[in-house]
Amino acid sequence: MHEKIDYWFTPENKFKIAFLYDVILSKSDKTIREFLLVSLSHILKNCSRWLQSSTKPQIDPDKESQDPFVAFKKHTQQMIKKNEEFFNQLIADSYIQTKCEIKLEDARSTSLEKESVSAIITSPPYVTSYEYADIHQLTSYWYEYITDLKEFRKNFIGTFYSLNQSTDVESPLAQRIINKLKNKDSRTAKEVANYFNDMNSVLQEMHRVLKSEGYVCLVVGNTTMLNVKIKSAEVLADYLESLNFSIVQTIKRKIPYKLIPTIRDKIKIKYYR
Ligand SMILES: C[S@@+](CC[C@H](N)C(=O)[O-])C[C@H]1O[C@@H](n2cnc3c(N)ncnc32)[C@H](O)[C@@H]1O
């Protein structure tokens with residue numbers, strides 16, 4: 001068991017989660033096992049000492065974490081209910097026979113065939129707002145798919161820990177943003193440039209796998225860093241247009257500050273090739 005588990009969980013909760021994990025792993029049906037693992041993963045933050053309101057890894061010494069048995073039962077019941085609703089909806093809409101396959105891959109380079117996809121609907125990573133590897137760490141430690149968090153972080157887009165030092169980006173708008181950041185802090189400029197370049201790779205991959213007349217729907221959040229407006233939505237639109245996508249619709253949505261503290265407004269853009 002990873003030593004960090006002792007850091008994030010009280011001994012009592014660690015024991016209860018370990019018990020649940022063991023029981024789940026003993027289930028012979030793979031579908032049921034995976035369904036229950038999703039539920040257990042979901043309750044880990046609430047049952048840990050992680051500061052509840054924070055996406056950053058921070059201990060809350062006064063936190064009254066939830067009881068894993070109670071939380072797991074409640075969340076699993078909720079998942080069963082929602083799963084049933086979804087299942088019934090699929091039957092009603094005659095989609096129940098549609099094949100569904102979940103693949104865990106890097107969005108910058110996938111194993112999908114070229115021009116094999118009709119629609120892409122995604123909420124891609126935000127620009128260095130969240131450290132995704134950190135957010136996923138409780139599950140990663142319990143399910144033993146990482147040993148070294150530092151290495152794990154490098155696989156993610158929008159990380160503070162990227163290696164690429166270049167501040168050259170393809171879109172003129174993106175370059176103006178990077179140049180403004182460079183005047184304030186070179187490290188932030190590198191991180192944002194890295195994010196734009198990574199997202200450009202993702203969009204190129206989307207272009208490769210999408211059928212002509214296929215659709216892309218992106219949910220993108222703009223933000224401000226060091227008083228510089230990081231117009232991610234506009235930059236991604238630039239990249240998409242240079243790949244010959246056309247904008248079908250842009251929906252702007254203000255979201256309450258308290259819901260996503262680092263993001264001021266959200267722009268949803270729909271494209272077709
Ligand atoms: C804004 S979140 C959206 C999450 C998801 N749509 C949801 O609602 O839970 C962006 C996600 O992109 C994932 N991500 C980061 N780098 C990635 C990469 N290279 N390939 C695929 N996904 C990545 C992050 O782990 C994170 O879960």
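Counting starts at 1 for both ligands and their atoms, following the listed order. Computed from a predicted structure; not experimentally measured.
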TODO: Specify whether Phe156 and Tyr132 have parallel, tilted or perpendicular ring planes, treating 30° as the upper limit for parallel and 60° as the lower limit for perpendicular.
DONE: parallel
Donor-acceptor pairs under 3.5 angstrom involving side-chain atoms of residues 69-78: please list them, not counting sequence neighbours.
{"unit_1": "Thr76", "atom_1": "OG1", "unit_2": "Ser39", "atom_2": "OG", "d": "2.8"}
{"unit_1": "Thr76", "atom_1": "OG1", "unit_2": "Phe72", "atom_2": "O", "d": "2.6"}

Task: Sequence-distant partners of Lys81, salt bridge (Lys or Arg N to Asp or Glu O under 4.0 Å), two or more places apart - done: none
Open item on the list: Could you work out, with side chain to side chain contact (heavy atoms under 4.5 Å, CB included) as the rule, every residue matching Ser109, not counting sequence neighbours?
Closed with: none
Open item on the list: Quick check on Glu3: does its CD atom have over 12 non-hydrogen neighbours (other residues, nucleotides or ligands) under 6.0 Å away?
Closed with: no
TODO: Return the protein residues near ligand 1 (heavy atom under 4.0 Å from any of its atoms), ordered by chain and residue number.
DONE: Glu105, Asp106, Ala107, Arg108, Ser123, Pro124, Pro125, Tyr126, Tyr132, His136, Asn155, Phe156, Ile157
Task: Non-hydrogen side-chain atoms of Met79 and Val38 separated by less than 4.5 Å - done: yes
